[in-house]
K.L.:
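My questions all concern the structure below.
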Amino acid sequence: MIRKTKKVTINGAGLIGPYLGILLRRRGFDVEVLEKRSDIRKITAEVGRSINLVLTSRGINALKKINRWEEVKKITMPVSGRMMHSTSGELTYQPYGGEGDVNYSISRTELNRFMISEAEKLGVKFLFSTDVKQIDETKNLLILKNEKGEEVSHEFEVLIGADGAGSVVRKKILKLQNVEDKVEWLGVSYKELFMPTNADGSEQIDKESLHIWPRGKHMLMALPNLDSSFTMTLYLPEKDSEVNFDQLKTPESVEEYFKTYHPDSIPLMPNYLEDFGQNKTSKLGTVRCSSWSHNGKMGIIGDAAHAIVPFFGQGTNSGLEGCVVFDEIFDRYDSWNDLFNGFFDSYKSNADAIAKMAEENYIEMSEKVGDEKFLLRKRLESFLHEKFPKKFLNRYMMVTYSNIPYSLVYKIGMKQTEFLNSLKIDKTSDFEKIDLKTVESFLDQEILPLIKV
Ligand SMILES: Cc1cc2nc3c(=O)[nH]c(=O)nc-3n(C[C@H](O)[C@H](O)[C@H](O)COP(=O)(O)OP(=O)(O)OC[C@H]3O[C@@H](n4cnc5c(N)ncnc54)[C@H](O)[C@@H]3O)c2cc1C
């Protein structure tokens, strides 16, 4: 029973675990968070992990819920659009949304540190360098490997896995339910590189944009950091493609790749060959699983339940939104089992929808952003948004700047695409001649009633 529970154990002090800890602590539980890494606040540089990410409406909404958005906002870099770099170095800018619509780039480490400290202030207890090795749900026991490398047992009442895409809690839940645990790999991996600032500390490229070098099945991306440097991420198929990571095993082959596909990025990254050799290559995948809990004793949340590929910048945002939903439905239930099931029923379809949209966005970012037809559609969408700022939001705007449930965003996006196709716009069309009455009546009759549900 929820009311009889004193202690909740969360596995994982990534971005989601500490936030959930705050919400549960506010409800009066003793909350402990186990984390296999050492305390991130005591480490100067984080090796091998993406150093920045983008916060948008859903993440911001979660931070507002705990009255911390204004504080976090101060350590973000606002990003208002995409800057495309062609092979010949030409630049094309696409604003993300309408006026005032910005994404916020933030250091993952700083956000993680902030969340842990905020949770600790409320009395959430953290056990770092504590690796959960086994779960015995029949005895409510965890086998942990502690800082000294010793295996110790540890009691839990309720265990929530916020332990990321490789979650041990998810593996245990699925094993108990005889379901295979599988990550759907995209076949695309990423590697991080670095663009420093100019000698005077200024930025080398526009820092209010996310930069993309789209090249078909592969792309380079740059997101600004607070100090005006940029984190670069190279996305490439692992193999079986014209260009792939498998081919880039020597500095010569890496140099050849950059000279051929991203020549204007070379002077921006003086150490790219060393970075390429030293930084790890990581795989990207999607977690879709049929259960997020077992018998009210164990549940999962965040990437552990629904890791997605990063092409919509929504992994953390959706994980935080999931926690908000978990908290909002909390009071409807008396048992953890019903609460976990209620959470699955409320959020699984949204997790599935953003997973699908994130996969689709890989194609959009790597292949379509430079495509004429795509750019025409984007211009049309911007035109309609200008005419009907409250009524017409394209899919990107709905995902990024609204809190409309992802599953509804998907449905609305499909309806809008069908309607925009019916307008038969081509590059010779004059947008001013579009019959705006027809557009408005479509929006009023087909779209707005869905959003108001
Ligand atoms: C290249 C890239 C770019 C991204 N960009 C964005 C972006 O712009 N915007 C966005 O919203 N999302 C982005 N994401 C997604 C985001 O990183 C994840 O969704 C988010 O980190 C998930 O948080 P989490 O706390 O659920 O999992 P994690 O951050 O993975 O944290 C899990 C924690 O659990 C710990 N742990 C794991 N196993 C154990 C164990 N057995 N015992 C104890 N502790 C354990 C881990 O050490 C870790 O600290 C990006 C992802 C990638 C790969």
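Hydrogens, waters and symmetry mates are skipped; everything else that's a heavy atom, side chains included, is used.
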K.L.:
E418 side chain to K415 main-chain N or O, any donor-acceptor pair under 3.5 Å?
P.N.:
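Absent.
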K.L.:
For the pair F326 and F343, name the ring-plane relationship: parallel under 30°, tilted 30 to 60°, perpendicular over 60°.
P.N.:
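F326 vs F343 ring planes: perpendicular.
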K.L.:
Checking T260 side chain against E256 main chain: does a donor-acceptor pair fall under 3.5 Å?
P.N.:
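At least one qualifying donor-acceptor pair exists.
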K.L.:
So if I apply the ring pair (Phe, Tyr, Trp, His ring centres under 6.0 Å) rule between F383 and each of F431, F388, F392, which one comes out positive?
P.N.:
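With F383 as partner, F431, F388, F392 yield a single ring pair (Phe, Tyr, Trp, His ring centres under 6.0 Å), made by F431.
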K.L.:
Does K207 qualify as a cation-pi partner of F230, given the criterion of NZ or CZ under 6.0 Å from the six-membered ring centre and within 45 degrees of its axis?
P.N.:
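No; the conditions do not both hold, so K207 does not lie above the ring face of F230.
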K.L.:
Just wondering, are more than 12 heavy atoms of other shown residues or ligands nearer than 6.0 Å to NZ in K356?
P.N.:
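It does not: K356 NZ has 12 such atoms or fewer within range.
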K.L.:
If you apply the rule side-chain contact (heavy atoms from CB on, under 4.5 Å), what do you find for I300 with I173, and how did you get there?
P.N.:
CA-CA 9 Å; I300 46 176; I173 289 172; 4.2 Å; yes
K.L.:
Among N52, I40, L15, whose side chain to side chain contact (heavy atoms under 4.5 Å, CB included) with R108 holds?
P.N.:
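It is L15, the one option of N52, I40, L15 that forms the side chain to side chain contact (heavy atoms under 4.5 Å, CB included) with R108.
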K.L.:
Any chance you could lay out the side-chain hydrogen bond (donor to acceptor under 3.5 Å, both in side chains) test for E184 and T286, step after step, and finish with the verdict?
P.N.:
CA-CA 5 Å; E184 295 166 28; T286 304; 5.4 Å; no
K.L.:
Quick one: which of Y257, W213, Y235, F245 gives a side chain to side chain contact (heavy atoms under 4.5 Å, CB included) with H218?
P.N.:
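Of all the options given, the one that passes is Y257.
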K.L.:
Any chance you could lay out the side-chain contact (heavy atoms from CB on, under 4.5 Å) test for L34 and I10, step after step, and finish with the verdict?
P.N.:
CA-CA 6 Å; L34 314 177; I10 297 174; over 6 Å; no
K.L.:
Tell me whether Q177 at atom CD has more than 12 heavy atoms from other residues, nucleotides or ligands lying less than 6.0 Å away.
P.N.:
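Counting other residues, nucleotides and ligands, CD of Q177 exceeds 12 neighbours.
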K.L.:
Take atom NZ of K65 as the centre, draw a 6.0 Å sphere, and report whether it contains more than 12 heavy atoms from other residues, nucleotides or ligands.
P.N.:
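Enclosed: over 12 neighbouring heavy atoms sit under 6.0 Å from NZ of K65.
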K.L.:
Set out, in order, the CA-CA distance, both residues' side-chain angles and the distance that settles side-chain hydrogen bond (donor to acceptor under 3.5 Å, both in side chains) for T56 and Y96, then state yes or no.
P.N.:
CA-CA 12 Å; T56 56; Y96 277 137; over 6 Å; no
K.L.:
Check this for me: E150, atom CD, are more than 12 non-hydrogen atoms of other residues, nucleotides or ligands nearer than 6.0 Å?
P.N.:
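For E150, atom CD is crowded (more than 12 foreign heavy atoms under 6.0 Å).
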K.L.:
Please indicate whether E147 has more than 12 foreign heavy atoms, meaning atoms of other residues, nucleotides or ligands, lying under 6.0 Å from its CD.
P.N.:
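Counting neighbours around CD of E147, 12 or fewer heavy atoms of other residues, nucleotides or ligands fall under 6.0 Å, so no.
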K.L.:
Between the main-chain N or O of K36 and the side-chain N or O of D131, is there a donor-acceptor pair closer than 3.5 Å?
P.N.:
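No, because the side chain of D131 does not come within donor-acceptor range (under 3.5 Å) of the backbone of K36.
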K.L.:
For H85 together with H262, are the ring centres under 6.0 Å from each other?
P.N.:
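They do not qualify: ring centres at least 6.0 Å apart.
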K.L.:
Does K391 NZ have over 12 foreign heavy atoms under 6.0 Å away?
P.N.:
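More than 12 within 6.0 Å, yes.
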K.L.:
Taking the cut-offs as 6.0 angstrom to the six-membered ring centre and 45 degrees off its axis, would you call R58 and Y401 a cation-pi pair?
P.N.:
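Negative - R58 is either too far from the ring of Y401 or too far off its axis.
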K.L.:
Answer yes or no for R68 and Y19: cation-pi contact, defined as NZ/CZ to six-membered ring centre under 6.0 Å and angle to ring axis within 45°.
P.N.:
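The answer is no, since R68 fails at least one limit relative to Y19.
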K.L.:
Before you tell me yes or no, could you show the steps for R170 and D181 under salt bridge (charged side-chain N to carboxylate O under 4.0 Å, His left out), namely the whole-Å CA-CA distance, both residues' side-chain angles and the distance that decides it to 0.1 Å?
P.N.:
CA-CA 8 Å; R170 182 184 73 243; D181 174 40; 2.8 Å; yes
K.L.:
For K191 and T281, what are the C-alpha separation, side-chain angles and deciding distance, and is it a side-chain hydrogen bond (donor to acceptor under 3.5 Å, both in side chains)?
P.N.:
CA-CA 5 Å; K191 189 186 277 287; T281 308; 3.1 Å; yes
K.L.:
Ignoring hydrogens and angles, tell me if any N or O in the side chain of N225 forms a donor-acceptor pair with the backbone of S228 under 3.5 Å.
P.N.:
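Here the side-chain-to-backbone pair does not exist.
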K.L.:
For a salt bridge (charged side-chain N to carboxylate O under 4.0 Å, His left out) check, start with the C-alpha distance between E381 and R377, then their side-chain angles and the critical distance, and finish with the verdict.
P.N.:
CA-CA 6 Å; E381 289 172 356; R377 178 53 61 93; 5.1 Å; no
K.L.:
Using atom types as modelled and distance alone, determine if a side-chain donor or acceptor of N361 lies under 3.5 Å from a backbone N or O of F311.
P.N.:
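Yes.
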K.L.:
Using the salt bridge (charged side-chain N to carboxylate O under 4.0 Å, His left out) rule, take R215 and E242 through it: C-alpha gap first, then chi angles, then the decisive distance, then the call.
P.N.:
CA-CA 11 Å; R215 301 290 182 262; E242 192 195 331; over 6 Å; no
K.L.:
Suppose we call two aromatic rings close when their centres sit under 6.0 Å apart. Are F340 and H294 close by that rule?
P.N.:
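F340 vs H294: aromatic centres not under 6.0 Å.
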K.L.:
Can you check side-chain contact (heavy atoms from CB on, under 4.5 Å) on C289 and V179, steps first, answer last?
P.N.:
CA-CA 9 Å; C289 57; V179 178; over 6 Å; no
K.L.:
With a sphere of 6.0 Å drawn around NZ of K378, does it hold more than 12 non-hydrogen atoms of other residues, nucleotides or ligands?
P.N.:
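More than 12 within 6.0 Å, yes.
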K.L.:
Evaluate whether atom CD of E208 has more than 12 neighbouring non-hydrogen atoms of other residues, nucleotides or ligands under 6.0 angstrom away.
P.N.:
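Atom CD in E208 is not packed in, count stays at 12 or less.
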